[in-house]
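Any value given below was found using the heavy atoms of this structure, including those in side chains, with hydrogens, waters and symmetry copies removed. First listed ligand is number 1; within each ligand, the first listed atom is number 1.
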Amino acid sequence: MTCIFCAIAEGSAPAHKVYEDEQLLAFLDLFPAHRGHLLIIPKRHSDDIFTADPSDIAAVARLSVPLARVLDRVVGGDGLGVHQLNRAAAGQTVFHYHMHLIPQTEGRPLNIHGRARGDDGELAELAQSLSRALKAEMEATA
Ligand code: 5GP
Ligand code: ZN
């Protein structure tokens, strides 16, 4: 069975990418629960936390810090949810280990999954702004 996140990591499926290096990829969720909904994945496939390499999990966590700060600055909102689901019983729908970063506004339901597909033009524009801001954030804290 093909894994959609592996296809995105290999470049054979499209995504609105915000960050990429040899180990990791961050891109916008196609069905955003909120504007700025981001996913971080290790490129190396593993289904979930039970099988992922701890060094991949650590790298995802490390990248979440500058990305969270950039989301807070560029998208705003009142808070930011960091979610990571494992197995269908916990709500996981794509079985390639990943972390969600979801900006939240006061009073809005705490959904992790959006219902509507995001607009490609808006997602592309936002991915570009986030990518630029992330570069600046990483340079400033290097
Ligand atoms: P999970 O439920 O496994 O924690 O989260 C999977 C996430 O992947 C969902 O929020 C879903 O909207 C997102 N998703 C599913 N397919 C695609 C896709 O092809 N591209 C992108 N960018 N996101 C996807
Ligand atoms: Zn995969």
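- For the pair ND1 of H96 and ND1 of H45, the angle whose vertex sits at the Zn ion (ligand 2) is 100° to 10 degrees.
- Of all atoms in ligand 1, listed by their number and element, those nearer than 4.0 Å to a heavy atom of Q92 are 2 (O), 3 (O).
- Between H100 and H37, the ring planes are tilted. Angles from 30° to 60° get that label.
- At least one N/O-N/O distance between G91 and ligand 1 falls below 3.5 Å.
- In terms of N/O distances under 3.5 Å, ligand 1 is not approached by I8.
- Angle SG (C6) to the Zn ion (ligand 2) to SG (C3): 120°, rounded to 10°.
- L30 and V18 fall within the same hydrophobic cluster, where Ile, Leu, Val, Met, Phe, Trp and Tyr residues are linked whenever their side-chain heavy atoms come under 4.5 Å apart, directly or through other members.
- The protein atom (non-hydrogen) at minimum distance from atom 1 (P) of ligand 1 is H98 NE2, 3.1 Å.
- If you number the atoms of ligand 1 from 1 as listed, the ones under 4.0 Å from a heavy atom of I4 come out as 19 (O).
- Of the residues listed (H113, H34, R35), the one engaging I102 in a side-chain contact (heavy atoms from CB on, under 4.5 Å) is H34, and it is the only one.
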- Message: Using the rule given for side-chain contact (heavy atoms from CB on, under 4.5 Å), can you reason through D48 versus F95, listing the C-alpha separation, both sets of side-chain angles and the distance that settles it, and then say yes or no?
- Response: CA-CA 7 Å; D48 51 37; F95 298 91; 5.8 Å; no

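- Residue T93 has at least one nitrogen or oxygen atom sitting less than 3.5 Å from a nitrogen or oxygen atom of ligand 1, judged on distance alone.
- With a 4.0 Å heavy-atom cut-off, ligand 1 is reached by no atom of Q84.
- In this structure, R108 places its CZ atom where more than 12 heavy-atom neighbours from other residues, nucleotides or ligands lie under 6.0 Å away.
- For ligand 1, the atoms closer than 4.0 angstrom to any heavy atom of H100 are 1 (P), 4 (O), 5 (O), 7 (C), 10 (O).
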*Verdict with supporting geometry, T93 and L85, side-chain contact (heavy atoms from CB on, under 4.5 Å)*: CA-CA 9 Å; T93 58; L85 311 176; over 6 Å; no

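- Residue L30 touches ligand 1 through backbone and side chain together, judged by heavy-atom distances below 4.0 Å.
- With a 4.0 Å cut-off on non-hydrogen atoms, F5 touches ligand 1 through its side chain and not its backbone.
- Near H113, with a cut-off below 4.0 Å to any heavy atom, the atoms of ligand 1 are 1 (P), 2 (O), 5 (O), 9 (C), 10 (O).
- For F27, every heavy-atom contact with ligand 1 shorter than 4.0 Å involves the side chain, none the backbone.
- Between atom 10 (O) of ligand 1 and the options I112, D29, I102, the minimum heavy-atom separation is to D29.
- With K43 as the fixed residue, the side-chain hydrogen bond (donor to acceptor under 3.5 Å, both in side chains) test singles out one of Q23, E20, H96: E20.
- Nearest protein neighbour of atom 22 (N) of ligand 1, counting heavy atoms only, is L28 O, 2.9 Å.
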side-chain contact (heavy atoms from CB on, under 4.5 Å) between L126 and L130: does it pass, once the steps are laid out? CA-CA 6 Å; L126 181 57; L130 289 169; 3.8 Å; yes

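- Checking only distances, V94 does come within under 3.5 Å of ligand 1, N or O to N or O.
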Practice prompt. Test side-chain contact (heavy atoms from CB on, under 4.5 Å) on I40 and L101 and set out the steps.
Written response: CA-CA 8 Å; I40 311 173; L101 297 182; 4.1 Å; yes

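- Within the 4.0 Å heavy-atom criterion, neither part of H16 lies near ligand 1.
- Between F27 and H16 there is no side-chain heavy-atom pair separated by less than 4.5 Å.
- Between the CG atom in L63 and the OH atom in Y19 there is a gap of 6.0 Å [rounded to 0.5 Å].
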